[in-house]
Trainee: 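Following this message is one structure expressed as structure tokens.
In what follows, every chain begins at residue 1, and chains take the letters A, B, ... in the order their sequences are listed.
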Amino acid sequence: MMPNADTVVILDFETTGLSPDCGDRAIEIGAVRIEKGVIKERFQKLMNPGRPVDSFIANYTGITNAMLKGAPSCEEVMGEFADFIGDHNLVAHNASFDKRFLDAELARISRHYAGTFACSMLVARRIYQDAPNHQLGTLIDHLNIPVKGDFHRALYDSEMTSQLWLAMLEKIAGHSSSRAISFSLLQKLAKTPKKGVAKLLKG
DNA sequence: TGCCAGGCCCTCTTTAGGGCCTT
């Protein structure tokens, strides 16, 4: 069955490091499911990676070994999360990072996500070419989106990414016939050379 | 043994190098 183009799941992983190929594991997953531009459901779980997190990660995320001690295993949480995302389209800020961890953690439980993953950072680099940089926090500030929590926690970052995503949908709304095709349009934008962005938006 | 990301994108480019972005 084809995924519903009106529905996207925007997700964010906190991890023990930068690369699952170097043994790093997920320690938290946060996600929101958006239907027709409205957040309908949230998912947030800490998970025990079976190894301690170092002081850098504890300071960066605020997630401590004490917090992870009683958390369910990565395998248990990722099974629940696989059910949550189903075959919906996915979005993340710097999606290549989150996709590597999603694929690696799902592979450990013999699950697989075969749907489409879009990157809000690649789209933002094209739509907001005048932003100071394209870090999530900078873009949120650039767009004057109210900040009500702490960055570098999975659910909050996924909520902020969803606000960025909706703002970008709004910005191109005048160039798109409906929200239903916005996901594919933004995917095209993410792969369009910057010089060609204006032409693509004009249709 | 020792070290270790990786994809995107720009430019002083394409037979390459380095910054950005994620934890």
Side-chain angles (χ1 to χ4, degrees), chain A residues 8-32 43-65 67-68 71 74 77-78 81 85 90-108 113 116-143 145 147 149-165 167-168 186-200:
Chain A
V8 296
V9 173
I10 298 181
L11 63 90
D12 182 68
F13 278 104
E14 305 304 320
T15 70
T16 63
L18 290 172
S19 176
D21 293 338
C22 292
D24 289 317
R25 299 294 304 274
I27 57 174
E28 187 181 42
I29 179 67
V32 297
F43 186 102
Q44 185 274 324
K45 287 283 178 72
L46 288 169
M47 57 187 114
N48 189 329
R51 48 171 283 193
V53 297
D54 62 29
S55 58
F56 174 82
I57 294 299
N59 289 328
Y60 188 80
T61 65
I63 299 171
T64 64
N65 287 307
M67 294 165 67
L68 295 173
C74 294
V77 172
M78 290 307 298
F81 189 62
I85 61 177
L90 302 182
V91 174
H93 200 68
N94 196 12
S96 67
F97 173 85
D98 292 280
K99 186 175 189 305
R100 282 200 302 277
F101 278 95
L102 179 68
D103 290 345
E105 293 293 350
L106 289 182
R108 286 174 175 269
Y113 174 74
T116 304
F117 217 134
C119 179
S120 57
M121 183 188 74
L122 294 182
V123 178
R125 279 179 174 171
R126 287 153 176 82
I127 291 185
Y128 304 118
Q129 296 186 26
D130 58 339
N133 61 57
H134 298 88
Q135 296 173 19
L136 179 59
T138 301
L139 289 166
I140 293 301
D141 181 63
H142 184 67
L143 295 174
I145 293 172
V147 174
D150 296 321
F151 284 103
H152 308 306
R153 285 302 298 268
L155 180 59
Y156 188 73
D157 280 8
S158 65
E159 297 225 27
M160 289 295 98
T161 302
S162 73
Q163 295 300 312
L164 169 63
W165 185 255
M168 292 193 294
L186 290 182
Q187 273 199 304
K188 281 185 183 177
L189 265 178
K191 297 178 181 177
T192 301
K194 287 183 179 177
K195 292 177 182 176
V197 169
K199 184 179 179 181
L200 177 65

Trainee: Out of curiosity, A:Arg153 CZ to A:Ile63 CD1, how far, rounded to the nearest 0.5 Å?
Mentor: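 Between atom CZ of A:Arg153 and atom CD1 of A:Ile63 there are 4.5 Å.
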Trainee: Rounding to an integer number of angstrom, what distance separates B:dG18 and B:dC4 when you compare their P atoms?
Mentor: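 These two P atoms come out 16 Å apart once rounded.
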Trainee: Tell me the interatomic distance from A:Leu18, atom CG, to B:dA5, atom P, rounded to whole angstroms.
Mentor: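 About 8 Å, once rounded to whole Å.
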Trainee: Round to a whole Å and report the spacing from CE of A:Met121 to C1' of B:dT23.
Mentor: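 Taking CE of A:Met121 and C1' of B:dT23, I get 14 Å after rounding.
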Trainee: Send over the distance from A:Asn94 CG to B:dT22 C1', rounded to a whole Å.
Mentor: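 Between C1' of B:dT22 and CG of A:Asn94: 4 Å.
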Trainee: Tell me what A:Asp54 touches on the nucleic acid: a base, only sugar-phosphate, or nothing, going by heavy atoms under 4.0 Å.
Mentor: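 A:Asp54: no heavy atom of the nucleic acid under 4.0 Å.
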Trainee: Under a 4.0 Å heavy-atom cut-off, which of residues 131-141 of chain A touch DNA chain B?
Mentor: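 Heavy-atom cutoff 4.0 Å gives A:Asn133, A:His134, A:Gln135, A:Leu136.
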Trainee: Tell me: CZ of A:Phe151 to C1' of B:dT22, nearest whole Å?
Mentor: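 Roughly 14 Å, once rounded to whole Å.
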Trainee: What is the distance from CG of A:Leu102 to P of B:dA5, rounded to the nearest Å?
Mentor: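 My rounded result for the distance is 22 Å.
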Trainee: Output the rounded distance in Å from CG (A:Asp24) to P (B:dT23).
Mentor: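 From A:Asp24 CG to B:dT23 P: 13 Å.
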Trainee: Roughly how far apart, to the nearest Å, are B:dT23 and B:dG6 at atom C1'?
Mentor: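 Their C1' atoms lie roughly 13 Å apart.
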Trainee: Could you state the interatomic distance from CE (A:Met168) to CD1 (A:Ile127), rounded to the nearest 0.5 Å?
Mentor: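 So the gap between those two atoms works out to 5.5 Å.
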Trainee: Does A:Ile57 reach a base, just sugar-phosphate, or nothing at all? Heavy atoms under 4.0 Å.
Mentor: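 Here A:Ile57 touches the bases of the nucleic acid.
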Trainee: Taking the same atom, P, in B:dT13 and in B:dG19, what whole-Å distance lies between them?
Mentor: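 Result for the P pair: 16 Å, nearest Å.
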Trainee: Return the OG1 to CE distance between A:Thr161 and A:Met121, rounded to the nearest 0.5 Å.
Mentor: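 Between A:Thr161 OG1 and A:Met121 CE, I get 11.5 Å after rounding to 0.5 Å.
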Trainee: For B:dC10 versus B:dC3, give the span between their C1' atoms, rounded off to a whole number of Å.
Mentor: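 The same atom, C1', in both gives a distance of 29 Å.
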Trainee: Looking only at side-chain N and O atoms, does A:Thr15 offer a donor or acceptor that is under 3.5 Å from a partner on A:Asp24?
Mentor: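 There is no such pair between these side chains.
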Trainee: Taking the inter-plane angle between the rings of A:Phe101 and A:Phe13 on a 0 to 90° scale, is it parallel (under 30°), tilted (30 to 60°) or perpendicular (over 60°)?
Mentor: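 Judged by the thresholds at 30° and 60°, the geometry between A:Phe101 and A:Phe13 is tilted.
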Trainee: Counting the atoms with a prime plus P, OP1 and OP2 as sugar-phosphate, which does A:Thr16 contact under 4.0 Å by heavy atoms, base, sugar-phosphate, or nothing?
Mentor: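 If one applies the 4.0 Å heavy-atom cut-off, A:Thr16 turns out to touch nothing in the nucleic acid.
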Trainee: Base, sugar-phosphate, or nothing: which does A:Phe101 touch, judged by heavy atoms less than 4.0 Å apart?
Mentor: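 Nothing, no nucleic acid heavy atom in range.
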Trainee: Under 3.5 Å, is there a donor-acceptor pair between the side chain of A:His142 and the main chain of A:Asn133?
Mentor: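 Not at all, since once roles are kept as given, no pair shorter than 3.5 Å links the two residues.
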Trainee: May I have the distance from A:Tyr156 (atom OH) to B:dT23 (atom C1'), rounded to whole angstrom?
Mentor: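 Going from A:Tyr156 (OH) to B:dT23 (C1'), I get 18 Å.
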Trainee: Counting only side-chain heavy atoms from C-beta out, which of B:dT23, B:dT22, B:dG6 sits nearest to A:His93?
Mentor: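 Nearest nucleotide to the side chain: B:dT22.
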Trainee: Considering only the P atoms, how many Å lie between B:dT15 and B:dC21, rounded to the nearest integer?
Mentor: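 After rounding to an integer number of Å, I get 28 Å for this pair.
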Trainee: For A:Arg125 and for A:Lys194, find the nucleotide of DNA chain B with the closest heavy atom, then tell me which residue's nucleotide is more 5'.
Mentor: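 The answer here is A:Lys194.
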Trainee: Have a look at A:Asp98 and say if it touches a base, only the backbone sugar-phosphate, or nothing, with a 4.0 Å heavy-atom cut-off.
Mentor: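 A:Asp98: no heavy atom of the nucleic acid under 4.0 Å.
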Trainee: Starting at CG of A:Leu189 and ending at P of B:dC8, how long is that distance when rounded to a whole Å?
Mentor: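 These atoms are roughly 16 Å apart.
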Trainee: Would you confirm whether A:Gln163, through its side chain, and A:Ile145, through its main-chain N or O, come within 3.5 Å as a donor-acceptor pair?
Mentor: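 No: the side chain of A:Gln163 does not pair with the backbone of A:Ile145.
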Trainee: Looking across every strand, which nucleic acid part, if any, lies under 4.0 Å from A:Ala190 by heavy atom: base, sugar-phosphate, or nothing?
Mentor: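 Sugar-phosphate, backbone atoms only, no base.
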Trainee: On DNA chain B, nearest-nucleotide positions of A:Lys191 versus A:Cys22: which is more 5'?
Mentor: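 On the 5' side of the pair lies A:Cys22.
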Trainee: Nearest 0.5 Å, please: how far is OG1 in A:Thr64 from CD1 in A:Ile57?
Mentor: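 These two atoms lie 13.0 Å from each other.
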Trainee: Which value, in whole Å, describes the distance between the P atoms of nucleotides B:dC12 and B:dC8?
Mentor: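 Approximately 23 Å lies between the P atom of B:dC12 and that of B:dC8.
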